[in-house]
Amino acid sequence: MRPSALVIGAGIGGITTAIHLAKHGVHVTVLEKNSKPGGRCDRFSSEGHHFDTGPTLLVMPLLYETEFESLGCSWRELLDLIPVDPTYHLIFDDGSKLALTSDQDEMRRQLDGIEPGSFENYRRYFHEGEEHYRLAIKNLVYRDFRKASDFINFENLRLVYQLKPFQHHYSRMASYFKEPRLKAAFTFQDVYMGLSPFKAPATFSMMSYTELAHGVYYPRGGMYQVVNGLMELAKQAGVEFEFRAPVKQIDLNSHIVRGVSLEDGRRLQADTVIANADLPYVYDSLLPQDHLSDRLTHKRFSCSVISFFWGVDKRYEQLAAHNLFLADDYRQNFDSIVNDLDLPQNPSLYVHAPARLDPSMAPPGDDTLTAIVPVGHMAEDDPRDWGGMRDQARREVFRRLKSIGITDLEQHIKFEVNYTPPSWKVRYNLMKGSTHGLCHNLTQLGYFRPSNRHPKYHNLYFVGASTHPGTGVPTAMISARLTSQRILENLS
Ligand SMILES: Cc1cc2nc3c(=O)[nH]c(=O)nc-3n(C[C@H](O)[C@H](O)[C@H](O)COP(=O)(O)OP(=O)(O)OC[C@H]3O[C@@H](n4cnc5c(N)ncnc54)[C@H](O)[C@@H]3O)c2cc1C
């Protein structure tokens, strides 16, 4: 008889795991609480405006290429990819700007204009990022750490010297730049890992390296096309999906998982259960409370964000596709988010105008705008006034837009949708409303990140952002490949 598997959640990791397993003869059913697939890689449309509500940047393209290849398809055939160069337009508090581009002459002109001689130091930093990327992808990201000795061994000792995990990323920047704006320009990407550059390992220079070396892309039609592409592959492989099917609990019998119980009262059985719903939530809400779930609540979680989605009846050509307003009080910003779980006084923030890349994302003459303001995640029994914080964040976005000449946005907004940390929590069952799940500090990486197999229930597996290797769309696909390999080994 064909082995069977139930996947809880149709996020990127869940769909990809389902495809791998189905292609190897497993009968797979994916149960998703929401009405459509994608999880955090979500979208909505209104009045001809199309919004990606989660990821907006297709970064680390080489990882996508490898992962789609492992599913037997070419991602370049599946997606219509638009290269984004410059990647980001950075706007500083003093009004100065920096467009991060692969055009080296243009980078020299801009960097030397901000700090004379800094272009050569940027080249050195770029090479360090290249080395970090090469070593980290091969030795950390693509590896499955099943036992401590897979991670802590003589061979990996060299990595401690090569990847500089014990040096903080921001302090490492002093070896390259004096100018705080440049230190910020090449460290802000750490927030994707849920980390402050003042705490993140210097290893993460690999993020700014890959953006400039391998490029940033935009799939025509938006990031949700990645989900559509995966769904096409899942249907070809024979995966079955049930939407609006929230799982209430994982059913256990001694050390074995029997299946799941749904909110609607049904009980489904399978040989294997894979939880793609975020791992801390699964331990907390779908499994019995024990020391493992207690330990997880004390782990460090990434920040959250307040997001605004605006359909606008005017086009704002001053905005590029990806605009980042970086605050001068850079350290205070991260301290406020990470330590105080608050909204900074003068927050750094991101504004996305997808119609600059793909005009079909907004009706002719109109604009589709997304603003994202990072904020601390929710605390236990959170008593905060999220509505008030949302309104303050909105005022900050308008204030920063005025600095680039956009003074009338408020009058041109046709409609607004916004998400605060409680929205993220409810929508995707993200504990503490943490948008990237468990953060990626040293004690939560590699073997120290919660395993993709439950230590007690051996036919229960995990896939996605809060297990190995971590957050991000291509990383969820890697997580799926590693988890599927482990499942298939145990089924055979
Ligand atoms: C605002 C934001 C911006 C981001 N930007 C980027 C970016 O630019 N580039 C990038 O690469 N990544 C980005 N990310 C990260 C990326 O979106 C995630 O890391 C990735 O999509 C997570 O996938 P996952 O496999 O962990 O599944 P998830 O997205 O967590 O999906 C899990 C699924 O499980 C479902 N579920 C939960 N509980 C249950 C239950 N009880 N029963 C049934 N179903 C359940 C959920 O509804 C969800 O659909 C961003 C994320 C956010 C939130």
Side-chain angles (χ1 to χ4, degrees), residues 6-18 30-42 51-61 63-64 84 87-88 189 191-194 207 210-211 216-218 222-224 226-227 230 241-250 260-264 273-282 284-286 302-307 309 322 350 352 370-375 419 421 423-431 433-438 440 462-467 469-480 483:
L6 291 169
V7 180
I8 307 170
I12 297 286
I15 310 170
T16 310
T17 307
V30 181
L31 304 161
E32 166 56 51
K33 82 185 242 306
N34 290 336
S35 58
K36 63 180 187 308
R40 282 171 255 191
C41 190
D42 208 347
F51 299 87
D52 281 313
T53 54
T56 53
L57 294 145
L58 195 154
V59 290
M60 300 194 149
L63 304 190
Y64 281 90
V84 186
T87 54
Y88 301 89
Q189 295 86 348
V191 81
Y192 305 156
M193 300 291 127
M207 296 302 294
T210 172
E211 286 178 358
V216 170
Y217 289 86
Y218 185 80
M223 278 297 284
Y224 199 73
V226 176
V227 177
L230 286 173
F241 287 86
E242 274 199 46
F243 296 101
R244 298 188 185 86
V247 170
K248 189 176 172 193
Q249 71 168 34
I250 295 172
V260 302
S261 295
L262 296 163
E263 291 284 357
D264 62 14
V273 170
I274 302 110
N276 174 224
D278 208 39
L279 183 143
Y281 154 82
V282 176
D284 185 64
S285 303
L286 303 186
S302 63
C303 65
S304 190
V305 298
I306 298 177
S307 301
F309 306 103
H322 303 292
Y350 163 74
H352 176 46
T370 298
I372 298 185
V373 186
V375 62
Y419 291 0
S423 331
W424 293 107
K425 181 176 176 179
V426 170
R427 212 167 262 277
Y428 308 107
N429 283 339
L430 298 175
M431 200 183 242
S434 153
T435 42
H436 295 273
L438 293 178
H440 300 70
F462 300 92
V463 63
S466 289
T467 181
T471 187
V473 172
T475 359
M477 293 181 72
I478 296 169
S479 177
T483 299

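Just follow the structure's listing: the first ligand is 1, and inside any ligand the first atom is 1.
- Phe462 contributes atom CZ, which lies 11.0 Å from atom CG of Asp278 (distance to the nearest 0.5 angstrom).
- Below 3.5 Å of separation, one finds an N or O of Asn276 facing an N or O of ligand 1.
- Side chain of Asn276 to backbone of Ile8: no donor-acceptor contact under 3.5 angstrom is found.
- Using a distance-only test at 3.5 Å, with no hydrogens or angles considered, a donor-acceptor pair links the side chain of Thr16 to the main chain of Ile12.
- Here the heavy atom of the protein found nearest to atom 40 (C) of ligand 1 is Val247 N, 3.8 Å.
- Side-chain atoms of Arg40 come within 3.5 Å of backbone N or O of Thr435 as a donor-acceptor pair.
- Polar contact check, Thr53 against ligand 1: no nitrogen or oxygen pair lies under 3.5 Å apart.
- Neither the backbone nor the side chain of Lys248 comes within contact range of ligand 1; no heavy atom lies under 4.0 Å.
- Annotation for Val463 and Ala476: closest pair CG2-O, 4.2 Å, computed over non-hydrogen atoms.
- Closest non-hydrogen pair, His440 versus Met193, comes out as ND1-O, 2.9 Å.
- A 4.5 Å side-chain heavy-atom check between Leu63 and Pro61 finds every atom pair outside the cut-off.
- Annotation for ligand 1: atoms under 4.0 Å from non-hydrogen atoms of Thr471 are 15 (C), 19 (O).
- Interface of Gly9 with ligand 1, defined as ligand atoms under 4.0 Å from a residue heavy atom, comprises 33 (C), 34 (O), 35 (C), 44 (N).
- Heavy-atom distances between Pro474 and ligand 1 reach below 4.0 Å in at least one pair.
- For atom 14 (N) of ligand 1, the choice among His436, Arg40, Met477 with the nearest heavy atom turns out to be His436.
- Scanning the protein heavy atoms around atom 26 (O) of ligand 1, the nearest turns out to be Ala465 N, 2.8 Å.
- Residue contact check: Val473 has heavy atoms under 4.0 Å from atoms 10 (C), 11 (O), 12 (N) of ligand 1.
- Ligand-side atoms of ligand 1 in range of Gly11: 27 (O), 31 (O), 33 (C), range being under 4.0 angstrom from any heavy atom.
- With a 4.0 Å heavy-atom cut-off, ligand 1 is reached by no atom of Thr475.
- Considering both main-chain and side-chain atoms, Ala476 never comes within under 3.5 Å of ligand 1 through any nitrogen or oxygen pair.
- With respect to atom 52 (C) of ligand 1, the closest heavy atom belonging to the protein is Gly54 CA, 4.1 Å.
- Looking at atom 43 (C) of ligand 1, its nearest protein heavy atom turns out to be Lys33 N, 3.3 Å.
- Of all heavy-atom pairs between Val247 and Tyr281, the closest is O-OH, 4.2 Å.
- Cys41 pairs in a side-chain contact (heavy atoms from CB on, under 4.5 Å) with only one of the listed residues (Asp52, Leu230, Val227), which is Val227.
- Looking at Ile372, Leu430, Asn429, Thr467, it is Asn429 that brings a heavy atom closest to atom 38 (N) of ligand 1.
- Among protein heavy atoms, atom 9 (N) of ligand 1 sits closest to Leu57 O, 3.1 Å.
- For the residue pair Ser302 and His436, no side-chain donor N or O sits within less than 3.5 Å of a side-chain acceptor on the partner.
- Atom NZ of Lys425 is surrounded by 12 or fewer heavy atoms from other residues, nucleotides or ligands within 6.0 Å.
- Side-chain N or O atoms of Ser434 include none that pairs as donor or acceptor with a backbone N or O of Ser304 at under 3.5 Å.
- Distances shorter than 4.0 angstrom do not occur between any heavy atom of Val59 and any atom of ligand 1.
- The minimum heavy-atom distance between Thr53 and Trp424, with the atom names listed, is O-CH2, 3.4 Å.
- For the pair Asp278 and ligand 1, no heavy-atom separation below 4.0 Å is found.
- Comparing heavy-atom distances from atom 20 (C) of ligand 1 across Gly472, Cys41, Ser479 singles out Gly472 as nearest.
- Contacts with ligand 1 closer than 4.0 Å are made by side-chain heavy atoms of Asn34 only, the backbone lying farther away.
- Crowding of Lys248 atom NZ: a count of heavy atoms from other residues, nucleotides or ligands under 6.0 Å not exceeding 12.
- One side chain, Tyr428 or Asp42, offers a donor N or O that lies under 3.5 Å from an acceptor on the other.
- Of the protein's non-hydrogen atoms, Trp424 CH2, 3.8 Å is the one closest to atom 1 (C) of ligand 1.
- Atoms of ligand 1 lying under 4.0 Å from at least one heavy atom of Leu31, given by number and element, are 43 (C), 44 (N).
- Checking only distances, Thr56 does come within under 3.5 Å of ligand 1, N or O to N or O.
- No hydrogens or angles considered: nothing links the side chains of Tyr218 and Thr56 as a donor-acceptor pair under 3.5 Å.
- At the top of the distance list for atom 37 (C) of ligand 1, counting protein heavy atoms only, stands Ala277 CB, 3.4 Å.
- Heavy atoms of Tyr419 come nearer than 4.0 angstrom to ligand 1 in no pair at all.
- Of the N or O atoms in Ile8, none lie within a sub-3.5 Å distance of an N or O in ligand 1.
- Every atom of ligand 1 is numbered from 1 in the order shown, and the set under 4.0 Å from a heavy atom of Tyr281 is 38 (N), 40 (C), 41 (N).
- At a heavy-atom cutoff of 4.0 Å, ligand 1 is contacted by both the backbone and the side chain of Thr435.
- The backbone N or O of Phe309 sits nowhere less than 3.5 Å from a side-chain atom of Thr370 that would complete a donor-acceptor pair.
- Between the choices Gly39, Pro55, Gly13, the shortest heavy-atom distance to atom 4 (C) of ligand 1 belongs to Pro55.
- When hydrogens are left out, the protein atom nearest atom 47 (O) of ligand 1 is Glu32 OE2, 2.7 Å; that is the closest non-hydrogen contact.
- Across Pro374 and Val305, no two heavy atoms sit closer than the pair CA-CG1, 4.0 Å.
- Ligand 1 has no N or O atom lying under 3.5 Å from any N or O atom of Val305, backbone or side chain.
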